[in-house]
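Since the structure comes first, as structure tokens, the remarks are kept for the end.
These numbers come from a predicted model, not from an experiment. Position 1 is the first residue of the sequence; numbering continues from there.
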Amino acid sequence: MSQPLILSVVDQSPMREGSGPGEALRETIDLAVAVEALGYQRYWVAEHHNLPNFAGTSPEMMVGQIAARTKSIRVGSGGVMLSHYSSLKVAENFRILDSLYPGRIDLGIGRAPGSDQLTASALAYPSYPKEIQHFPQQVSDLLGYLSDNIAEEHPFSQVRAAPSSSETAPQVWLLGSRYESAMLAARMGLPFAYAHFFGSSPHEGPAIVEGYRSNFQPSALLAQPLVNVGVHVLCAETEEEARRLAASRNLARLKSRTGRAKGIPPVEDALNFPYRSDELAFMEQYSRNCVDGDPHQVKKGLYSLAEQYQTSDLSIVTICYAYEDRLRSYQLVAQTCGVSP
């Protein structure tokens, strides 16, 4: 793919071992200010619950904080886990944000719980978690509330999401890493953000995205399919340094998958960890899904992914122990890929 990359950021507000959520959330805001100055297009914040590695539980609150401290970058959720919530309430939250920061707000929505099943139950209590078959109706209701276009036969057709609609509206994206999300985005005529960084089906990713494109049905919101791909990236001055820093991220992922997570570990702890052979195999497979290295290697890797997915629109997720190394990675990526304010 010869055209320039459009680069954005997805931030999960990673927490270091021994640090707290307040520091992680403040670093998320600081990073948003910094990457806006570098020329990144969007800044999306994630939703996770009861996960020791990540501090972001309420993307709508973080979107407001970030938009207030930035000037032009689009700010949004990557994403709101809609199955936990009322479509009306989500519409109202993002209408308020759009009223305050018109033309800058993105509403990314996902169907995953962003947590374990016990936590999902706690989020719904004293009711029960919504069954996944209700998700398409929730998305349809959300779009109706945002556009003041709820069908007359709908039981809540007389309800309006306040504040009343303005000249702009949040741009709604459907997020996912499976065929089901891609097909729903295609059927509803929504932009689709594919989470390559999840690593759940990396080899199927291009086929999932192509399925979205080939089944896309134009809507009042979008005439042509629009794809963003999120990818783990860690860039440093040398390949050796990048792989050294990535050891923290890789061990954090391993501990998260095995129920031992307690934050992003220091680099030296990750390098000296007594890995079993199966754990080393897991991390090797996981790291193949990431783009790590020096600036030349990262640029080559990002353009390769852009070619595989046939999109120049990529979102970068960078996790490492030190905030300074995370910021430096985004700076190097911007420089090598020609991103400018």
Any side-chain heavy atom of [X] within less than 4.5 Å of one from [Y]?
X      : Y      : result
Leu175 : Ile109 : no
Glu23  : Arg16  : yes
Pro225 : Phe192 : no
Arg187 : Leu184 : yes
Arg111 : Gln138 : no

Show your reasoning for whether salt bridge (charged side-chain N to carboxylate O under 4.0 Å, His left out) applies to Arg42 and Asp313. CA-CA 10 Å; Arg42 308 182 197 94; Asp313 195 332; 2.7 Å; yes
Any donor-acceptor pair under 3.5 Å linking the side chain of [X] with the backbone of [Y]?
X      : Y      : answer
Asp292 : Leu234 : yes
Arg69  : Gln65  : yes
Glu36  : Ser72  : yes
Glu47  : Met81  : yes
Thr70  : Val33  : no
Gln297 : Asp294 : yes
Ser248 : Pro265 : yes
Tyr309 : Leu314 : no
Ser181 : Gly176 : no
Ser287 : Met283 : yes

Mind telling me whether Phe197 and His232 have parallel, tilted or perpendicular rings, with 30° and 60° as the class edges? perpendicular
Do the rings of His49 and His84 sit parallel, tilted or perpendicular, given the 30° and 60° boundaries? perpendicular
Decide, yes or no, whether a salt bridge links Arg95 with Glu92 under the criterion of side-chain N to carboxylate O below 4.0 Å.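 No, this pair does not count.
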Would you call Arg288 and Glu284 a salt bridge, using N to O less than 4.0 angstrom?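 Answer for the salt bridge query: yes.
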Does atom CD of Gln335 have more than 12 heavy-atom neighbours from other groups under 6.0 Å away?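 Counting neighbours around CD of Gln335, more than 12 heavy atoms of other residues, nucleotides or ligands fall under 6.0 Å, so yes.
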Is the number of heavy atoms from other residues, nucleotides or ligands under 6.0 Å of Arg257 CZ greater than 12?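 Not buried by this count: 12 neighbours or fewer within 6.0 Å.
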List the atom pairs, with distances to 0.1 Å, where a side-chain N or O of residues 154-163 and a protein N or O form a donor-acceptor pair under 3.5 Å, not counting sequence neighbours.
| residue | atom | partner | partner atom | Å |
| --- | --- | --- | --- | --- |
| His154 | ND1 | Phe156 | N | 3.0 |
| His154 | NE2 | Asp141 | OD1 | 2.9 |
| Ser157 | OG | Glu152 | O | 3.3 |
| Ser157 | OG | His154 | O | 3.4 |
| Arg160 | NH1 | Ser157 | O | 2.8 |

Going hydrophobic residue to hydrophobic residue with side-chain gaps under 4.5 angstrom, can you get from [X] over to [Y]?
X      : Y      : result
Leu142 : Leu123 : no
Tyr101 : Met61  : no
Val229 : Val339 : yes
Leu332 : Val298 : no
Tyr275 : Ile264 : no

Val172 pairs by side-chain contact (heavy atoms from CB on, under 4.5 Å) with which of Val139, Asp106, Leu146?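 Considering Val139, Asp106, Leu146, a side-chain contact (heavy atoms from CB on, under 4.5 Å) with Val172 is found only for Leu146.
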In sequence, state the C-alpha distance, the side-chain angles, and the governing distance for Leu31 and Arg326, and then conclude on side-chain contact (heavy atoms from CB on, under 4.5 Å). CA-CA 9 Å; Leu31 185 61; Arg326 191 154 57 117; 3.6 Å; yes
Could you walk me through whether Asp11 and Thr28 pass side chain to side chain donor-acceptor pair (under 3.5 Å), step by step? CA-CA 7 Å; Asp11 188 36; Thr28 286; 2.5 Å; yes
Working note: Glu210 + Gln310, criterion side-chain contact (heavy atoms from CB on, under 4.5 Å); need CA distance, chi angles, decisive distance, verdict. CA-CA 9 Å; Glu210 181 53 36; Gln310 286 298 292; 5.9 Å; no
